[in-house]
Each structure stands twice: as C-alpha cells, then as structure tokens.
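First up is the structure itself, then whatever we jot down about it.
No hydrogens, no waters, no symmetry mates; every other heavy atom, side chains included, goes into these values.
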Amino acid sequence: MRIWSKLTSTSAILSAIRVGGSGIAFVTQILLARVLSPSDLGVFFFVTSMATIASLVVGHGYPSLLTRFISRYTERNRPGYLSAFLRTAQRETLKWSVVGATLFAAVSWFWPGIDQDTRLALIFGALTIIPMGMHRILGYLAITYRRFILGYLPGFIIRPALFAAVLLALYALGDGMSVWTVTAIQWGTWVAMLFATLYIVRHIYLGPSEPVYDRRLTNRWRREAWPLVIVASFTGLLSELAVVCVAPFMPMSDVAAFGICVKLAFLVGFIVQAAHQVILPDMGEAIVRRESHALRARILGASLLPIGLTVAGVLFSMFFGGWFLKLFGAEFSNAKDTLTILMLAQFVRAVAGPSSLLLTLKGAQATSAWICALSGIVLLVSNAVFATLWGAEGGAVAVLITTVVWLLATAIALYRLDGARADIAGLLHRGHAAAPAE
C-alpha cells in the first residue's frame, strides 16, 4: 500500500502539472483557431508535427536508453561509463539536430509549388528541431533521476505559457498573424525552454565523474539506440504521426479539425504516458534485481488514475464533445465522433499498461522496433482507406486500429519473451492467482 500511495501521489502531482498545462494548451488552441484560417491551422499542425518527429529521429533513440544504462552503470558502480554515455548521447543529439535542421530548411526553401508563408513556416519548423531535440534528452535525464516535476515543468507549463502569452498579447493588440509568424514565435519559446531545462540539469548532465570512453561500448550504444527511434515515435509521438499520416488524404481545413481533436484527446493520453514514465526508474531497478512482485505493484499503482481519467474522457466526448468543440469555432462542432474515437484509443493505452516500455527495458528493442514499424504501416494504410472515405472520423478510426494492433502485438511479444504481463487484466489475474487461499 505504501508503494501504491507513493506512486499515486507522484502521478497525481504530475497530472496536476499536466492539467495546468492542458488549460494553457486549451487556451492556445482556441487562440490559434481564432488567429489562423482553418487551412493555415492545418499547415501549422502539420509543420509542428513534422518538426517534433524530426527532433526525435535526430536524437537517435538515446533518450529511451537513459533509464536502462543509468540504472545499469549506477547499480554496477561504473560512474566513468555513465558519464561517457551521457556525454555521447548529448553530443550525438546536438550534431544530428543541426544536420537535420539544415536539411529540412534546405528542402523547404527549394520545394516547388508552395506559397511563401508556408515556406517560411517550414523553415522555422526546421529551426525548431534543434531546441526540441536537445530538450528531449535533457528532460528525459531529469525524469530518469526522479526529478519528475522539474523534468516536466519546462515542457508542459513554462513553454506553453510563454507561447500562449505572446499569442494572447498579439491577439489583444489586433495584430494580424500569418502561419509563419506563429511558427516563428513557437521556435522562440522552444529556445527559451531549452535554456531553462539546461539550468535544471546543470549538476547532472555531464555525469558523476570523468568519462571513461570505450569504443566497444560506444558502438553498442549507437547500435541499440537506433531501433528505439521507431519505438519512441509510437510511445511518445503517436499524435504527431497521426497528423502527418492523415494530411495527404484530406484538405488542410479537415486536417485542422482532426488536429484539434488529436490535441484534445492526447492531453488526456499524456496522463497515461506520464504515469508510465514515472515508474520507469523503478521498473528498471526491479528488472535488474529480478523483483517481479515489486514490478507488478508499481505498474498497478501507476495505472489507476489513467484508467479513470480516460473513461471520463470517453464519456465526456460522447455527451458534450460537440458543445466543447464549438469553443474552437462553429465549423469544428461536427467533429464530436472524431474526438470520441480518439479518446477511446487513449483508454486502450491505459488498459494495456507500460508494455512497450517494459519490452525496451528488457533489452528487446529490436522486437519492439519491428512491431512499431508494422504499426506505422497499419496507420498509413488505414488512413489511405478510412480517411479517404470518412475524412477526420476515418483518421480517428485509423489511430484506434493502429493503437490496438501495436499494443496487442507488444503484449504478445512481451509474454513470449519471459512470460511477463503489463496489461491490467493480466496483472490482476496473476495477483489473484498468487494470493493465498483463506
């Protein structure tokens, strides 16, 4: 009970931070819907999603390895290796962020057939890759060292508040804004957040001692990091992938409606992700120490709040979704069913538990990468079929189908690996079976 109380308390604090961030994001989405046309809003969502995915790719998957190798080198008292790992991860991320941003900007500049505002929006989106990529690894570093509040605060309170404040000031002044202006403002807030995050981790980001480099280990880190790019795309950026994959099959005005519903649904979905990330360090230690009972207790304790909130999200969107979406504009009120389907996908994630994270912690990142690659194909094909037929609702159906396929395949792979279960039904069943008879 003490473990459950601690995890629930931590999750509740992070959820409170996210609720505050959700309120800011909600106001921001309304402002964006007011200052941009539906078509420009669709462009903004597309550019932002592309930049977010690119920032993950240039990170080479190193953020997803932090928990595993920090736990390993700390447990084995190898501070030199730990320092070398942290510095290598940050150096590689910075290098490839600059390369990725340069390539993205060059392609955007010379791409034919797009208007000047969209071209400039793409260029500022490219520049955003650098602070996004660096914040991702530094933020994960804070979370891995259990500085959860400090790890989440810049990304979910400070930056959104700064972005919303600038938008609100310009909106109050009556200044017109184009899509590239909004994208430039967003780039500036990411730069500010990067410096805030760097200040937070200033005592730990270089490691506990002088680095001890080993070419064999360095090659191993790179080899194991790459498959996690695909894995992290699904565990953390499914909402961005959904927007990118749906864009080719509908007008940008419809992408705007779909994007608003995705943002709202994944505000709730983040609580699922945050609850799972909270127990990453504990899961890593439990696996190293082979404490299966402690692992089960941590997963169950962190799953109660996400399941309750996702159920509430589904019910709210069913009965009040149309009214709620009118706040963004009357043209978006018909997307109620889209929002409901996307909320249902978040419930599926909550019930499935941290199966994908657990698979990675057990060293099966290659298997997880193959599953996520297959799921990416399912997402694209599903969009080609359903988004073409039903528009935004079809895009939501594609996300739901992809979520089910991804998590079902992951659960099967996890069970076949060593008989482990991370889904709530499986954990409860095993707990009941293990209970002593009275």
* Structure fact -> Between the CG atom in Leu342 and the CG atom in Leu264, the distance rounded to the nearest 0.5 Å is 9.5 Å
* What's the spacing between Leu36 CG and Leu167 CG if we round to 0.5 Å? -> 8.5 Å
* To do: Taking all heavy atoms of Ser97 and all of Ile129, pick out the closest pair and write down the distance.
  => O-CG2, 4.0 Å
* Structure fact -> Tested for ring pair (Phe, Tyr, Trp, His ring centres under 6.0 Å) against Phe69, the lone hit among Tyr62, Phe85, Tyr140 is Phe85
* Asked: Distance from Thr102 atom OG1 to Leu127 atom CG, nearest 0.5 Å?
  -> 8.5 Å
* Name all residues meeting the side chain to side chain contact (heavy atoms under 4.5 Å, CB included) criterion together with Phe195; count only those two or more places apart in sequence or in a different chain, and write none if there are none. => Val191
* Asked: For the side chain of Thr388 and the backbone of Val385, is there at least one donor-acceptor N/O pair under 3.5 Å apart?
  -> no
* Excluding sequence neighbours, so at least two apart, what forms salt bridge (Lys or Arg N to Asp or Glu O under 4.0 Å) with Arg119? -> none
* Asked: side-chain hydrogen bond (donor to acceptor under 3.5 Å, both in side chains) with Trp180: which residues, sequence neighbours excluded?
  -> Ser178
* Asked: Between atom OG1 of Thr197 and atom CE of Met134, what is the distance when rounded to the nearest 0.5 Å?
  -> 10.0 Å
* How far apart are the closest heavy atoms of Gly313 and Met343, and which atoms are they? -> O-CG, 3.7 Å
* Any side-chain heavy atom of Glu210 sitting closer than 4.5 Å to one from Ser83? -> no
* **For Phe45, all residues meeting ring pair (Phe, Tyr, Trp, His ring centres under 6.0 Å), sequence neighbours excluded** => none
* Could you pull out all residues at least two apart from Ala352 that satisfy side chain to side chain contact (heavy atoms under 4.5 Å, CB included)? => Leu407
* Can you sort out the partners of Trp187 under side-chain hydrogen bond (donor to acceptor under 3.5 Å, both in side chains), two or more places apart, ordered by chain and number? => none
* Min side-chain heavy-atom separation Leu241-Leu379 under 4.5 Å -> yes
* What pairs with Arg222 under salt bridge (Lys or Arg N to Asp or Glu O under 4.0 Å), at least two apart in sequence or on another chain? -> Glu92
* Structure fact -> Distance col, row Asp40:CG vs Leu32:CG, nearest 0.5 angstrom, shows 11.0 Å
* Partners meeting side-chain hydrogen bond (donor to acceptor under 3.5 Å, both in side chains) with Gln186 (sequence neighbours left out) -> Thr48
* Assess whether atom CZ of Arg215 is packed by more than 12 heavy atoms of other residues, nucleotides or ligands within 6.0 Å. => no
* Under the side-chain hydrogen bond (donor to acceptor under 3.5 Å, both in side chains) test, residues paired with Arg220 that sit two or more places apart -> Glu224
* **With sequence neighbours excluded, residues passing side chain to side chain contact (heavy atoms under 4.5 Å, CB included) with Ala392** => Phe258, Thr338
Which atom pairs, one a donor and one an acceptor, fall under 3.5 Å between side chains of residues 103-111 and the rest of the protein, sequence neighbours left out?
residue, atom, partner, partner atom, Å
Ser108, OG, Phe104, O, 2.8

* Asked: Going by heavy atoms in the side chains, are Leu41 and Ile260 under 4.5 Å from each other?
  -> yes
* Who passes side chain to side chain contact (heavy atoms under 4.5 Å, CB included) against Leu82, sequence neighbours left out? -> Ile70, Tyr73, Thr74, Leu86, Tyr145, Pro208
* To do: Quick one: pull up CZ in Arg416 and CD1 in Ile412 and give me the separation to the nearest 0.5 Å.
  => 8.5 Å
* Answer whether the closest heavy-atom distance between the side chains of Phe347 and Val268 falls below 4.5 Å. => no
